[in-house]
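Structure, as structure tokens:
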Amino acid sequence: MLSGLKKLIGDKQDRKIKQYYKQVEKINSLEAEIEKLSNQELRDKTNYFKEQLANGKTIVDILPEAFAVVREASKRITGMRHFDVQLIGGMVLTEGSIAEMPTGEGKTLVASLPSYLRALEGKGVHVITVNEYLARRDRELIGQIHEFLGLTVGLNLPMMQPEQKKLSYEADITYGVGTEFGFDNLRDNMVYETKQRVQRPYHYAIIDEVDSVLIDEAKTPLIIAGKTGVSSELSYLCARVVKTFKEDEDFLFDLETKTTNLTDEGIVKIERGFDIDNLYDLEHQTLYHYVIQALRARVMFERDVDYIVKDGKILLIDMFTGRPMEGRTLSNGLHQAIEAKEGLHVTEENKTQAAITIQNYFRLYPVLSGMTGTAKTEEKEFQEIYGMQVVQIPTNKPRARVDSPDRVYDTAEHKYSAVAKRVKELHAEGRPVLIGTTSILQSEKVAAVLRAEELSFELLNAKTIEQEIQLISLAGQKGRITVATNMAGRGTDIMLGEGVAELGGLYVIGTERHESRRIDNQLKGRSGRQGDPGTTEFFISIEDDMIKRFASDDVEKFKKSMKTDDTGKILNKNIHEFVDRVQRICEGANFSIREYNLKLDDVLNVQRNTVYELRNKVLESDDLIPLLKSSIESYVKEEIHHCCPEDVDTSKWKIDRLQKNISEILPSGKIELRKDVLDKSELTDPIYEAVNAYLPLLDEYQDKPEIGEAIQRFLLSVVDYHWLRHIDAMDRLKEGVGLRSYSQEDPMRQYAREALELFTQMYFVLEMDISKQTASLVQALENRK
Ligand code: ADP
């Protein structure tokens with residue numbers, strides 16, 4: 001069992017694995033003892049461990065025995081005994097790293113170990129899966145082990161009532177989809193009473209398919225939106241106008257970064273069309289917004305690639321699964337712009353009420369861990385953004401899969417002919433073939449060439465998750481041909497049918513390189529599970545999207561020295577190097593986009609934390625008078641500073657405004673200020689006198705619960721109101737960042753600076769509002785006396 005150990009020398013990763021094997025031996029040595037325990041004795045171990053932790057022992061101290069207990073429980077309940085390498089996976093997860101384990105190695109069972117161990121700390125463990133089906137499945141399968149050991153297990157689903165959710169979150173271990181956990185966080189920050197909150201403070205999470213969750217899906221932030229009126233008329237109009245626009249003349253489109261901009265000519269056309277002078281004028285901000293979104297809808301969103309139209313609705317396509325993303329919409333009027341472009345009914349626009357990126361949500365966990373078959377290629381990103389290490393876990397059985405070198409063709413047509421030919425050959429042998437594609441559109445193309453060869457196949461487009469899982473799980477049966485986008489039915493094992501291993505196992509064909517090697521590896525990983533035989537082969541062409549996008553000039557150069565055989569296959573030896581390089585450029589570009597978006601969100605994140613902290617204080621405190629007082633004091637100081645800046649001549653001071661605003665925050669009504677002041681103290685003295693006479697009045701309301709509640713309610717509504725308006729302003733600001741890149745300043749710095757200005761302004765108005773509403777409240781209460 002430990003024979004592989006001899007090979008492990010030198011390398012850091014290997015040394016680490018060696019350490020883990022020492023622990024494995026310890027766990028194994030406990031097995032004979034633990035096997036003898038009765039079910040009750042085994043269950044009693046849970047309380048015993050909790051006591052140990054209470055007495056100062058650490059997670060690391062109790063790990064070997066706890067893992068041995070889980071393994072024994074699993075043997076009795078599921079009949080599965082954790083392999084040694086699965087124990088190692090469990091250790092890696094415990095310490096907050098990523099365990100890279102190929103498909104079929106049994107990651108589900110691996111998670112049973114750290115989730116048990118860290119649940120013993122009593123602060124809750126979240127196990128994140130990529131879809132609801134898997135959450136239910138894992139909750140059942142692994143949950144029974146934990147329940148047997150006396151822990152509680154919960155499932156968090158989107159449609160649950162808050163009461164139910166609360167129960168799920170109070171469980172020791174909670175299963176669910178990552179986005180739903182994030183949405184609960186947002187909703188918890190919108191409640192009006194602490195008891196409406198469903199989550200507990202974060203402790204530890206395990207993310208299954210961690211690369212999909214933290215990298216691929218992290219492009220779309222989580223947004224809670226409310227409806228607002230939208231002008232469908234204007235949407236249609238703008239769609240019509242930009243339809244006539246020509247690329248490079250009226251607008252620019254950067255294929256690499258997928259961004260678009262109006263040219264001067266385009267702007268002039270719009271100004272003429274709408275009969276206005278200057279599109280950039282503040283009063284045309286709304287029109288400008290609609291135009292930009294219409295343009296984006298036209299050039300950045302391709303039908304049947306980025307979205308499909310179904311029953312008069314736009315359904316966004318998940319680029320990685322090729323599956324429609326139910327319930328996800330684009331924010332900020334972009335969705336409406338696409339509806340207008342397709343001539344559909346324009347739905348109401350969703351206005352952001354709360355938003356967080358996936359990255360910033362998961363960074364809330366003190367310890368985060370994950371598992372996947374493919375993470376090593378993105379190790380740097382995991383380290384930089386989440387501080388997570390990637391550890392490659394040895395496989396349980398040696399790998400027998402053969403990865404053939406890519407076949408690269410001169411045209412897409414030649415490529416597809418070659419695919420069809422190869423499928424036909426393999427099919428004649430009875431070997432099952434899985435053909436992976438990068439989009440629905442491409443699936444259709446593959447389907448067409450297979451049909452032309454009169455081959456029958458399963459096409460996994462627009463199927464439900466259950467159907468996908470069913471069909472994918474059969475993809476290893478003799479004679480089967482399956483066409484699917486790369487991640488269809490992920491998390492599902494493809495077992496080989498009878499006699500298939502003798503034929504060489506599942507044959508996986510890739511029809512295009514994906515945007516990262518990691519996704520290619522996911523597809524390859526469909527074959528050769530648990531030591532099964534299998535083959536993978538990619539058929540690509542220099543007309544493929546990725547190459548067009550990132551290397552169109554180089555391709556032209558390359559063509560001059562290109563040699564092909566009569567099928568169009570490129571014979572030049574350096575073609576593989578070339579393709580690898582293009583893929584690396586593409587990976588780099590995507591990383592930059594994610595990094596950029598995260599930087600943008602980081603700016604908002606600081607603000608969000610400040611506001612949420614304030615909000616929580618309002619929710620949790622039973623005496624809000626000090627908060628009222630400090631808001632009023634801070635506002636008064638700022639208002640004076642604003643109206644009477646030290647470095648401005650006294651004659652320019654805005655004393656009228658000061659008098660009006662200060663009067664409004666005093667329940668007694670008016671304050672009179674002298675207009676001909678020479679010195680600031682002539683203004684500030686009477687103001688502070690009045691304010692200092694007023695503030696102690698507020699103390700009377702202390703210990704009066706009804707008044708306390710009234711204050712709490714108005715504070716929450718004031719905070720929410722200004723925060724929502726601010727989010728909206730930030731959205732607009734973000735929209736402008738790219739557009740203003742012609743100025744000298746680094747757009748990111750400019751964004752950060754303007755964001756801070758907006759936030760300071762928002763905070764000022766917020767405190768002003770609090771001060772004014774407090775005055776009204778006091779007035780009303782005094783009148784009642
Ligand atoms: P992965 O997610 O790593 O691809 P799964 O968790 O789907 O793998 O497990 C693959 C298969 O291996 C499942 O059928 C599972 O029941 C089985 N399996 C996992 N671990 C063990 C084990 N220790 N003993 C026996 N079967 C196992």
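Order of listing sets the numbers, starting from 1, for every ligand and every atom in it. Residues take their numbers from the sequence shown, with the count starting at 1.
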Side chain, backbone, both or neither: [X] near ligand 1, heavy atoms under 4.0 Å:
X	result
Gln86	side chain
Thr108	both
Asp493	side chain

Where the closest heavy atom to [atom] is concerned, which of [options] has it?
atom	options	answer
atom 23 (N) of ligand 1	Glu105, Arg529, Met371, Arg81	Arg81
atom 21 (C) of ligand 1	Arg71, Met80, Gln530	Met80
atom 8 (O) of ligand 1	Gly106, Ala111, Gly79, Pro102	Gly106

Heavy-atom count check: over 12 atoms from other residues, nucleotides or ligands less than 6.0 Å from [X] [atom1]?
X	atom1	result
Lys75	NZ	yes
Gln40	CD	yes
Glu33	CD	no

With Ile34, which residues qualify under side-chain contact (heavy atoms from CB on, under 4.5 Å), at least two apart?
Leu30, Leu37, Leu42, Glu65, Ala68, Val69, Glu72
In terms of ring plane angle, is the pair Tyr169 and Phe181 parallel, tilted or perpendicular, where the classes change at 30° and 60°?
perpendicular
Thr103 neighbourhood, listing ligand 1 atoms whose heavy-atom distance to it stays under 4.0 Å:
4 (O)
Looking at atom 4 (O) of ligand 1, what's its closest protein heavy atom, distance included?
Gly104 N, 2.6 Å
Can you pull out the closest protein heavy atom to atom 24 (N) of ligand 1? Residue, atom name and distance to 0.1 Å, please.
Phe83 CZ, 3.5 Å
Compute both the distance and the angle, then confirm whether Lys376 meets the cation-pi test with Phe382: under 6.0 Å from the six-membered ring centre, within 45 degrees of the axis.
no
Set of side chain to side chain donor-acceptor pair (under 3.5 Å) partners for Asn47, sequence neighbours left out
none
